[in-house]
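Working notes, structure below.
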There are 4 protein chains.
Amino acid sequence: MSTEMAIGRRDRNRIRNRNEILEAAQKEFSKNGYHDTSIQAIAIRADFAVGTLYQLFGTKENLYRELLVDYAEQARVQFADALSTGKTAYERLVNYVRAKGDLFEDRIPLARLILMETMGTGVLFKSGPKPELNLMYDVWHKILADIFEEGIESGEFRPVDAMGAAVALEGMTNQFIYHWQQEPDTFQYDRAVEQIEELFLKALRT
Amino acid sequence: MSTEMAIGRRDRNRIRNRNEILEAAQKEFSKNGYHDTSIQAIAIRADFAVGTLYQLFGTKENLYRELLVDYAEQARVQFADALSTGKTAYERLVNYVRAKGDLFEDRIPLARLILMETMGTGVLFKSGPKPELNLMYDVWHKILADIFEEGIESGEFRPVDAMGAAVALEGMTNQFIYHWQQEPDTFQYDRAVEQIEELFLKALRT
Amino acid sequence: MSTEMAIGRRDRNRIRNRNEILEAAQKEFSKNGYHDTSIQAIAIRADFAVGTLYQLFGTKENLYRELLVDYAEQARVQFADALSTGKTAYERLVNYVRAKGDLFEDRIPLARLILMETMGTGVLFKSGPKPELNLMYDVWHKILADIFEEGIESGEFRPVDAMGAAVALEGMTNQFIYHWQQEPDTFQYDRAVEQIEELFLKALRT
Amino acid sequence: MSTEMAIGRRDRNRIRNRNEILEAAQKEFSKNGYHDTSIQAIAIRADFAVGTLYQLFGTKENLYRELLVDYAEQARVQFADALSTGKTAYERLVNYVRAKGDLFEDRIPLARLILMETMGTGVLFKSGPKPELNLMYDVWHKILADIFEEGIESGEFRPVDAMGAAVALEGMTNQFIYHWQQEPDTFQYDRAVEQIEELFLKALRT
DNA sequence: GATGAATGAGACTTCATTCAT
DNA sequence: GATGAATGAAGTCTCATTCAT
């Protein structure tokens, strides 16, 4: 009835295949990293022929990029949501930290890839600009800085450097997430949230 | 008479060659990362034959490992030094943060490699144990945690989770270093030190 | 009532499609040669699906063959026409040389393909017999030889080896055409015709 | 004793390998043409590993180019020799025609490649300038034209267009060589030489 | 001990061809 | 009849590693 229903079988198939391939790619790339993952391996896991991956994604690098961009978009949406939920800046930031943990929990295998790319050590960073992925670094810093700024202006926070606070918060969450990945049995992310509050956020309040 | 004096021309040569090769390897690996650096490229830059590299290091992976272990040892020494300088835990931690920045400043090209490896996304983390490099992650966390513990026991710091504080501090410094690498013109690491004090360390004091 | 009148819409469509595809194929093959032209590229230019091309032509090689055969037939007709126009053998041969130039002028992009194939270096010559294209080589030599023979028998030409004369004439025209393609700005084919007369044909006359 | 004796074993090996590979490449390329010959096939015939071919020649196209350039140089030398032997321009040209036949007889498999490239339908002509191979087309025309010019100036030949005569002669020889390749049992190149004299060269004389 | 030519497994990518819709 | 997504064999090229000199 709607225009969206006009999406044909062809297109639906295409999208389904695309997603299945991205799913397989995510698992393989996360396991061994970009260079030690072959297109063959992804194709086998996805149960498609190599040619199909190339028809849909063009190059290995592009498949990888699409994977991260897909994920970055999801993240952006969820984080924006978290950051707009809560009365105070403090609450919003806690929600963000929690959402970041949730995202990684849902898609644990992607965690290493994301950390790698956001830390600037990844594949995509080598070749020129990568506007799609800026979301993951610059823009996130900026968005967080805005929340800190808000809190400062409303008198909720001490007058600190908002961008510095944003960088610090990002660093902490990343490191806690990494720590959590390394020792999933003895460390829960819930404790990370608590500690970030305790060690950092509370101290910002006036 | 001592065994050390027994180092002959042979061994001295070997060591000199080893260092020249590691120097070249550092430059090449830092430029393009592990996978996009070939042994032949390193050999050319070092002005040795590939066979010589294989005689001294066995495999490409091992050459890379030795490089990082070398660096990790330097870092360990410098950090241990910084962490034992200063009267209070607070001062020692500030010295550590400063020393970390200095280390990266001295050897900027290695920075990406280190960040990559310490974030767990590097080559060496893939396969099995990597005790030498734990220095770079686990052990550092532990050493920092000990300092926080000291500060807590002496009443200098609030009774927080010491390991949590260590993780948080590592995360912050890494992120500031990364930020600094990205925007070397507008951001000085000195400001990072100040902000880490302002946002984090001061708030720990009783 | 006749079978020819029985050509229905179906068949007319089929022929129209066939021609559109051949047109596109000609452009693509001429641009990049046989091996560097893909069926998909032809399909896109012709605005048909690849499946349609395969339904009509079976294989890539066959599509190519049909293209050349089509062209060869056109050429045969035009050359036969030229060779039967003119009172003397001399005139007929001049007409032929002119017609050959005209043909290449009309369909310049095909020129390289034809030269390639007639020089025996093309795709179709590789595998076994290729009777359709003999038109383009053996048969042409023979037809020309017949004209020379006629001229000799009628006393118009000296008693030379007719086949040798035919081969020589073909070689000259091909080389002039090639020369002309290489330097279209400074060399006109009209001059080629004059020179072939001057250097070769006139000398044959008694 | 001479400096040439200073060529070491290494270099001698390298040159021998190079030649063996070129030999194998010549056979394979001549059999199936550039595109239908794989580096694998050449490597197997030459009894080297693929990597060795790549170490010595860089790319497939370059291996092919070297092959033709090597050959072109041989040809240039032999033709220059033939063209400088003989008292009259007529004799020199006959010597050239004969030398051309000899060259092709010695290295029959290369004939198709050479014709293909000199006719401008080959692989190397697609991508920009190819100065090395100009020897095979432009320069040869020019050199021949100079001989005709000489003959004209000395009064030995009629005052015809020298470049036209050169083009005509090249075309004839090429076509006779091709004809000869096609029917090696019934047609000897000796007859080609005679006929070129009879049909073309003699008629130029005053 | 040093050398570097030789190796060959394996990676990415293309594209002629098929076949279910 | 027409479509074009899917296929997978095959090709080019790289590079870690070896070993005869």
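The chains referred to below are lettered A, B, ... by the order of the sequence lines, with proteins before strands, and numbering in each begins at 1. Values in this document were obtained by computation on a predicted structure and should not be read as measured data.
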Complementary nucleotide of E:dT21, counting Watson-Crick and G-U pairs under 3.5 Å: F:dA2
Complement of E:dA11, any strand, by Watson-Crick or G-U distances under 3.5 angstrom: F:dT12
Rounded to the nearest angstrom, tell me the gap between atom [atom1] in [X] and atom [atom2] in [N].
{"X": "C:Ile44", "N": "E:dC15", "atom1": "CD1", "atom2": "C1'", "value": "12 Å"}
{"X": "D:Phe57", "N": "F:dT12", "atom1": "CZ", "atom2": "C1'", "value": "16 Å"}
{"X": "A:Leu53", "N": "F:dA6", "atom1": "CG", "atom2": "C1'", "value": "11 Å"}
{"X": "B:Ile21", "N": "E:dA2", "atom1": "CD1", "atom2": "C1'", "value": "11 Å"}
{"X": "D:Phe48", "N": "E:dA5", "atom1": "CZ", "atom2": "C1'", "value": "10 Å"}
{"X": "D:Tyr34", "N": "F:dG11", "atom1": "OH", "atom2": "C1'", "value": "11 Å"}
{"X": "D:Asp36", "N": "F:dT12", "atom1": "CG", "atom2": "C1'", "value": "15 Å"}
{"X": "D:Arg14", "N": "E:dT7", "atom1": "CZ", "atom2": "C1'", "value": "16 Å"}

Ring geometry between C:Tyr64 and C:Phe29 (parallel below 30°, tilted from 30 to 60°, perpendicular above 60°): perpendicular
Does the side chain to side chain contact (heavy atoms under 4.5 Å, CB included) test come out yes or no for B:Arg14 and B:Leu56, once each step is laid out? CA-CA 8 Å; B:Arg14 169 188 270 271; B:Leu56 289 174; 3.6 Å; yes
Which residue, D:Val50 or B:Val50, contacts DNA chain F at a nucleotide closer to its 5' end, judged by nearest heavy atom? D:Val50
Sorted by position of nearest nucleotide on DNA chain F, 5' first, the leading residue of D:Lys60 and D:Gln55 is D:Lys60
A:Arg18 atom CZ: more than 12 heavy-atom contacts under 6.0 Å: yes
For B:Asp47 and C:Ile39, take the nucleotide of DNA chain E holding the closest heavy atom to each; which residue's nucleotide lies nearer the 5' end? B:Asp47
By nearest nucleotide on DNA chain E, pick out whichever of C:Tyr54 and B:Gly51 is the more 5' one. B:Gly51
For C:Asn17, report the nucleic acid contact type (base, sugar-phosphate, nothing); a contact means any heavy atom under 4.0 Å. sugar-phosphate
Within the 4.0 Å heavy-atom criterion, would you say C:Thr52 contacts the bases, only the backbone, or no part of the nucleic acid? base
Derivation and outcome, side chain to side chain contact (heavy atoms under 4.5 Å, CB included), residues A:Asp36 and B:His35: CA-CA 9 Å; A:Asp36 289 330; B:His35 284 96; 3.2 Å; yes
Does the base of E:dA11 carry an N or O that pairs as donor and acceptor with the side chain of A:Gln40 under 3.5 Å? no
Checking side chain to side chain contact (heavy atoms under 4.5 Å, CB included) for the pair B:Leu22/B:Leu63: CA distance, chi angles, key distance, verdict? CA-CA 8 Å; B:Leu22 283 175; B:Leu63 165 56; 3.7 Å; yes
